[in-house]
Amino acid sequence: MKIIISNTSKLPIYEQIVNGIKEEIISGNLKPNEKLPSIRALARDLNISVITTKRAYEELEREGFIETVGGKGCYVSYFNKELIYEERLKEIEKKLEEILELSRGLKLSKEDIFNMINLLYEGE
Amino acid sequence: MIKLENLYKNIGDFKIEDISFELDKGYIMALIGPNGSGKTTLIKMLLGLIKADKGEIKLFDKNISEDEIYVKDNIGFVFDSLNFYPNLRVKDLKKIVGEAYSRFNSKVFDDYIKKFNINPKAYIGNLSKGEAMKIMMANALSHDAKLLILDEPTAGLDPIVRKELLSILQEEIVSGDKSVIISTHITSDIYDIADYVTFINKGKLVFSKDMEEIKDKYRIFRASREEIERSNKKFIWVKEKKYYCEALFIDEAGIEDEKTYIPSLEEIIYYYVKGEEQ
């Protein structure tokens with residue numbers, strides 16, 4: 001598992017952990033039913049407080065990404081692949097809307113936008 | 001696990017007034033405040049070295065004045081300097097302090113001394129400040145204490161030793177059955193690792209909160225004097241600068257804009273102390 005915490009990021013540390021663990025689940029580095037490090041061990045290894053790590057795990061649990069099995073620890077949920085997929089789709093839609101908004105300001109046509117996307121797509 | 005209730009103490013001109021807070025096992029609490037705010041007095045009260053005039057201290061569900069031996073057996077402490085016979089050696093210190101604790105583990109002490117690269121035959125008087133702190137740490141960690149109390153342990157130490165000390169504290173609470181209370185001036189040291197912060201000023205409690213709440217809610221607002229006057233925020237203190245004003249407030253609504261930013265603990269202390277002076 002890989003989690004990088006940035007001290008210069010505007011995001012609070014707990015959110016950075018939430019995002020980091022989500023990334024690991026999406027990339028497949030963390031698989032469904034896989035055990036996560038304990039809250040206390042992760043806090044130590046990231047040099048952050050227990051309470052911050054706890055908050056991150058609670059948030060991940062609330063969003064359905066992980067589950068706590070009483071007395072045993074935290075595990076990656078089974079159904080989260082779809083969940084993440086949908087979440088990401090929503091994010092893309094939101095970004096596209098922003099693009100459209102910006103484009104309208106410049107009075108770009110649909111073709112102009114498609115051309116730009118095509119160029120970028122092929123450029124990769 | 002640790003509970004202080006309405007603590008009062010008069011010491012000459014100085015007073016501890018109505019201090020209460022709690023700490024569960026498995027967490028780190030930082031005790032902060034300016035010089036002379038009462039941090040060390042409070043720590044001495046926790047250690048049973050100063051008795052309260054009024055109020056109660058409960059450690060491990062026991063009253064410190066009723067079960068003194070049990071309570072002290074379960075505390076490991078580190079002060080800002082090692083006050084011990086300078087012409088004794090480290091190994092002699094181990095023998096003497098080891099006698100005082102029912103669960104003292106000589107091997108644990110030796111392992112720490114080795115890890116810290118300290119010669120057991122070294123004289124106490126010849127130790128550097130960092131080494132002296134490490135000896136106190138080794139002592140505090142060798143008798144299976146449930147509570148570690150550290151009074152300004154990082155003062156005057158280089159960043160490497162400070163980091164080492166802090167990661168040892170984090171290691172100690174991994175099991176979840178130990179707690180740490182650490183007083184410090186270098187608040188940046190504990191900003192990331194403290195679970196709770198208890199802030200005292202002039203012998204009174206300013207607040208005792210969890211660090212997430214502090215990071216979430218305390219904000220500094222930087223704007224023109226007019227904007228500050230117009231806003232209906234409740235400011236803890238407003239600092240007048242030549243071209244703008246800056247003020248600390250508790251942001252319940254979660255406003256995020258370019259005019260507010262998250263203060264360091266040092267800034268929080270500064271604004272409260274200044275606010276109190278006026």
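Note on naming: letters A, B, ... go to the chains in the order of the sequence lines (proteins, then strands), and numbering restarts at 1 for each one.
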(message) Less than 4.0 angstrom from a charged side-chain N to a carboxylate O is my criterion; do B:D210 and A:K54 meet it?
(response) no
(message) For the interface with chain A, which of B:S175, B:G176, B:S167 has the highest count of heavy-atom pairs at distances below 4.5 Å?
(response) B:G176
(request) Under 4.5 Å heavy-atom distance to chain A, tell me which part of B:I28 shows up: side chain, backbone, both or neither. (result) neither
(message) Show the nearest heavy-atom pair for residues B:D216 and A:R55, with the distance to one decimal.
(response) OD2-NH2, 2.7 Å
(message) For A:E101, is the CD atom crowded, meaning more than 12 foreign heavy atoms sit under 6.0 Å from it?
(response) no
(message) When you measure from the side chain of B:D195 to the backbone of A:V50, do you find a donor-acceptor pair of N or O atoms at a distance under 3.5 Å?
(response) yes
(request) Give a yes or no on whether the backbone of B:I173 and the side-chain of A:R44 come within a donor-acceptor separation of less than 3.5 Å. (result) no
(message) Please check: side-chain N/O of B:E212 versus main-chain N/O of A:I51, any donor-acceptor pairing under 3.5 Å?
(response) no
(message) For chain A, which candidate among B:E171, B:K163, B:M211 shows the most heavy-atom pairs at distances under 4.5 Å?
(response) B:E171
(request) For A:M116, look at atom CE and say whether over 12 heavy atoms of other residues, nucleotides or ligands are found less than 6.0 Å away. (result) no
(request) Over all heavy atoms of both residues, which pair between A:S49 and B:A194 is shortest? Give the atoms and the distance, please. (result) CB-O, 3.4 Å
(request) Can you tell which part of B:Y191 gets under 4.5 Å to a heavy atom of chain A, answering side chain, backbone, both or neither? (result) neither
(message) Can you tell me if B:E266 has over 12 outside heavy atoms packed within less than 6.0 Å of its CD?
(response) no
(message) Is A:I13 in contact with chain B via its backbone, its side chain, both, or neither, using a 4.5 Å heavy-atom distance?
(response) side chain
(request) Examine whether an atom of A:D45 lies under 4.5 Å from a heavy atom of chain B, and if so say whether it belongs to the side chain, the backbone or both; otherwise answer neither. (result) neither
